[in-house]
Trainee: 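Okay, here's the structure, questions in a sec.
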Amino acid sequence: VPAGFALLLWLPRHYRPLALVLGRVFKRLPILHRYRWRLGRTLIRFRAAVRLMLGLGRGRLAALYGFCTLHWMLRYALVPVIFALLDNPLPWAWLFIIQALSLTVGYLSLLPGGSVGVEMGFGIMLAPWVDASVLAVALLVWRFCIFHWYLIVGAPVFLLTVGRGVLGRATAY
């Protein structure tokens, strides 16, 4: 995390040396040669996005950081609460690690929402300590709260946003 934050502060001002070095490396490797210009455009867009973000002001950035922290704290605190409500309390640290690993497997599965990867990781890692019926209920509640609920609530917002954009373009012609 500290290295990523340092890169975030360093890159907007010093992106040119990085772009030149990566451009030379990409030029020498035949497989990556055609991606040189795409990399340059990506670095410039990243720089513009970081400048835009840093231009929000300290209050807004602090609020954004606070909301993100609250979101992830609630998300990771959900599984211990579910198991406590199912009268099968497990150590919080173990559940935190299982969630982190399961979500990572889900990201690596390249499927929408990490489907199958998250469920299998969660089930495999908790099966030795939890009864199968309790595990199934906990998994269903957890996935509904951290994935399906977002889809249900976000779908109308997405449709409204996309609809406005599409309707705005249709009337602009």
Side-chain angles (χ1 to χ4, degrees), residues 1-12 18 35 38-39 42-43 45-166:
V1 174
F5 187 70
L7 181 67
L8 187 68
L9 293 176
W10 179 82
L11 192 58
L18 179 65
Y35 297 110
R38 188 181 301 176
L39 172 72
T42 302
L43 282 173
R45 282 191 210 125
F46 177 76
R47 177 181 172 225
V50 169
R51 282 192 171 173
L52 180 69
M53 184 188 71
L54 292 176
L56 289 176
R58 291 183 184 200
R60 283 190 178 176
L61 285 175
L64 182 64
Y65 179 76
F67 284 131
C68 288
T69 304
L70 180 66
H71 169 262
W72 284 101
M73 284 175 56
L74 290 173
R75 193 170 191 179
Y76 275 93
L78 186 62
V79 172
V81 170
I82 291 170
F83 278 112
L85 292 174
L86 293 172
D87 291 329
N88 200 348
L90 293 169
W92 181 86
W94 178 242
L95 292 174
F96 179 84
I97 292 169
I98 287 173
Q99 286 181 82
L101 291 174
S102 296
L103 292 172
T104 302
V105 167
Y107 294 138
L108 296 175
S109 73
L110 301 176
L111 294 170
S115 299
V116 181
V118 173
E119 288 84 359
M120 285 195 52
F122 192 79
I124 289 170
M125 287 187 265
L126 281 175
W129 290 277
V130 180
D131 185 42
S133 60
V134 173
L135 182 59
V137 170
L139 179 62
L140 287 172
V141 172
W142 178 59
R143 284 301 280 171
F144 177 79
C145 291
I146 71 163
F147 180 63
H148 299 289
W149 177 249
Y150 289 4
L151 293 177
I152 292 169
V153 172
V157 175
F158 175 75
L159 291 174
L160 283 173
T161 306
V162 169
R164 285 184 188 158
V166 169

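From a predicted model like this one, the values you see are computed outputs, not experimental measurements.
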Trainee: What class does the angle between the rings of F144 and H148 fall in, given that below 30° is parallel, 30 to 60° is tilted and above 60° is perpendicular?
Mentor: parallel
Trainee: In this structure, are over 12 heavy atoms from other groups packed under 6.0 Å from F158 atom CZ?
Mentor: no
Trainee: Please report the closest heavy-atom contact between Y76 and A100, naming both atoms and the distance.
Mentor: OH-CA, 3.6 Å
Trainee: Testing the basics here: between Y150 and H71, what is the closest heavy-atom pair and its distance to 0.1 Å?
Mentor: OH-NE2, 2.7 Å
Trainee: From T69 OG1 over to L74 CG, what is the distance, rounded to the nearest 0.5 angstrom?
Mentor: 11.0 Å
Trainee: Classify the angle between the aromatic ring planes of W129 and W94 as parallel (below 30°), tilted (30 to 60°) or perpendicular (above 60°).
Mentor: perpendicular
Trainee: How long is the straight-line distance from CG of L70 back to OH of Y65, given to the nearest 0.5 Å?
Mentor: 12.0 Å
Trainee: Calculate, to the nearest 0.5 Å, the distance between atoms CG and CZ belonging to L78 and R143 respectively.
Mentor: 12.0 Å
Trainee: For residues G117 and V105, report the shortest heavy-atom separation together with the two atoms involved.
Mentor: O-CG1, 3.5 Å
Trainee: Atom CD1 in I124, atom CG in L101: separation rounded to 0.5 Å?
Mentor: 12.0 Å
Trainee: List the steps and the verdict of side chain to side chain contact (heavy atoms under 4.5 Å, CB included) for L86 and V141.
Mentor: CA-CA 11 Å; L86 293 172; V141 172; over 6 Å; no
Trainee: Indicate the atoms forming the closest heavy-atom contact of V118 with S102, along with that distance.
Mentor: CG2-O, 3.5 Å
Trainee: Do P80 and Q99 come close enough that some side-chain heavy atom pair is under 4.5 Å?
Mentor: yes
Trainee: With rounding to the nearest 0.5 Å, note down the distance linking CG in L139 to CE in M120.
Mentor: 11.5 Å
Trainee: Using the rule side chain to side chain contact (heavy atoms under 4.5 Å, CB included), only one of N88, L135, V134 pairs with L126; which is it?
Mentor: L135
Trainee: What's the shortest heavy-atom distance between T42 and R38, and which atoms?
Mentor: OG1-O, 2.7 Å
Trainee: Measure the CH2-CD distance between W142 and E119 for me, rounded to the nearest 0.5 Å.
Mentor: 7.5 Å
Trainee: Check this for me: R75, atom CZ, are more than 12 non-hydrogen atoms of other residues, nucleotides or ligands nearer than 6.0 Å?
Mentor: yes
Trainee: Check the angle between the aromatic planes of F83 and F122 and answer parallel, tilted or perpendicular using the 30° and 60° thresholds.
Mentor: parallel
